[in-house]
Amino acid sequence: HELMRQCPTWADCARKQHGDESARTGTLFGISLSSVDPKAANAIFEFFWPYALKHGWSDVYLGSPVPGLRGWLSKNPDISVAQYVRSKRQGLPLDPQLRYYFKKGFRKIVAIRDNYFPHEPSLDVGVLILGKVPLSGLSFIWKRVPLPWLQRMKKLFFLCL
């Protein structure tokens, strides 16, 4: 997490290399899984999940805006950005975007960054969050299973969620 925490902007995180360029890691980095169509993110997860298991990827970092921040701070000027980002109501983040990602399994806040990327409702604040690929702890098995089998397994797995 420390390597990702050192990145001041989304562009820096996206370019960050783990040692030499050919190094393989169990980590992926993305920018967004949100969409106007709620089924779109599920389709991305369902499509990508077998590939993540097959390649041994376990951690997924995302950069997220916090679109509720500007409105919250206008009503609560004495509350810090970090306090807003980490605040929860009924066990879920206050911010709607962080709540969305929390429900998708991105439950760890790694870093909060000013000027992360341009987003007016977020006051350009971004949050680096971490999620785990479901069942990735068994990568020693998944690497040996043919990809078509994993692709068939996804139907069973995602029906259970």
Side-chain angles (χ1 to χ4, degrees), residues 1-69 85-86 88 91-113 115-119 121-122 124-161:
H1 304 298
E2 191 54 40
L3 200 57
M4 295 305 278
R5 195 181 324 239
Q6 294 171 7
C7 300
T9 67
W10 176 85
D12 292 328
C13 286
R15 284 190 295 265
K16 194 62 147 177
Q17 297 296 321
H18 300 280
D20 88 48
E21 288 188 32
S22 64
R24 295 189 55 108
T25 70
T27 303
L28 299 167
F29 184 83
I31 182 61
S32 178
L33 288 174
S34 57
S35 171
V36 293
D37 181 353
K39 294 179 183 176
N42 288 342
I44 291 170
F45 277 113
E46 285 183 36
F47 173 81
F48 193 68
W49 183 66
Y51 293 96
L53 291 179
K54 183 72 178 163
H55 292 288
W57 298 322
S58 59
D59 295 327
V60 180
Y61 288 91
L62 289 178
S64 176
V66 281
L69 180 62
V85 166
R86 298 187 187 284
K88 293 186 177 182
L92 296 172
L94 286 179
D95 187 80
Q97 190 73 19
L98 293 180
R99 189 169 44 251
Y100 168 82
Y101 284 126
F102 186 91
K103 290 176 181 178
K104 296 286 183 204
F106 292 85
R107 303 213 167 127
K108 181 172 176 86
I109 295 172
V110 176
I112 303 167
R113 293 285 181 251
N115 302 311
Y116 193 63
F117 47 70
H119 190 257
S122 301
D124 298 343
V125 170
V127 178
L128 187 61
I129 53 179
L130 173 65
K132 292 283 188 187
V133 175
L135 302 178
S136 62
L138 300 171
S139 66
F140 61 94
I141 294 172
W142 307 131
K143 287 179 180 182
R144 290 173 176 78
V145 173
L147 183 61
W149 290 12
L150 290 172
Q151 290 170 322
R152 281 192 294 263
M153 273 181 46
K154 76 177 180 190
K155 290 179 183 11
L156 293 172
F157 179 75
F158 284 96
L159 284 175
C160 298
L161 289 180

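Numbers here simply count residues along the sequence, with the first being 1. Keep in mind that the numbers below use all heavy atoms, side chains included, and drop hydrogens, waters and symmetry copies.
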Nearest non-hydrogen partners of [X] and [Y], listed with the distance:
X: K54; Y: R144; value: NZ-C, 4.2 Å
X: F106; Y: I129; value: CB-CD1, 3.7 Å
X: Y61; Y: V110; value: CE2-CG2, 3.8 Å
X: V66; Y: S122; value: N-OG, 2.8 Å

Point-to-point distance, once rounded to the nearest 0.5 Å, from [atom1] of [X] to [atom2] of [Y]:
X: L62; Y: L130; atom1: CG; atom2: CG; value: 9.0 Å
X: F102; Y: R99; atom1: CZ; atom2: CZ; value: 11.0 Å
X: H55; Y: L147; atom1: NE2; atom2: CG; value: 7.0 Å
X: L92; Y: R107; atom1: CG; atom2: CZ; value: 8.5 Å
X: S136; Y: L53; atom1: OG; atom2: CG; value: 7.0 Å

Do the non-hydrogen side-chain atoms of [X] and [Y] ever get within less than 4.5 Å of each other?
X: V127; Y: Y101; answer: no
X: Q151; Y: Y51; answer: yes
X: P67; Y: D95; answer: yes

Examine distances only and state if a side-chain atom of D124 and a backbone atom of H119 form a donor-acceptor pair shorter than 3.5 Å.
-> yes
Taking only residues two or more places apart in sequence or in another chain, which ones pass salt bridge (charged side-chain N to carboxylate O under 4.0 Å, His left out) with K88?
-> none
Begin from the C-alpha positions of W149 and R152 and carry the test side chain to side chain contact (heavy atoms under 4.5 Å, CB included) through to its verdict.
-> CA-CA 5 Å; W149 290 12; R152 281 192 294 263; 2.7 Å; yes
Of all pairs that satisfy salt bridge (charged side-chain N to carboxylate O under 4.0 Å, His left out), the ones with a partner from residues 132-143, not counting sequence neighbours =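 Only D59-K132 qualify under salt bridge (charged side-chain N to carboxylate O under 4.0 Å, His left out).
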Could you pull out all residues at least two apart from F48 that satisfy ring-ring contact (aromatic ring centres under 6.0 Å, His included)?
-> W57
Apply the test side chain to side chain contact (heavy atoms under 4.5 Å, CB included) to residues V133 and W49: give CA-CA distance (whole Å), side-chain angles for both, the deciding distance (0.1 Å), then the verdict.
-> CA-CA 7 Å; V133 175; W49 183 66; 3.8 Å; yes
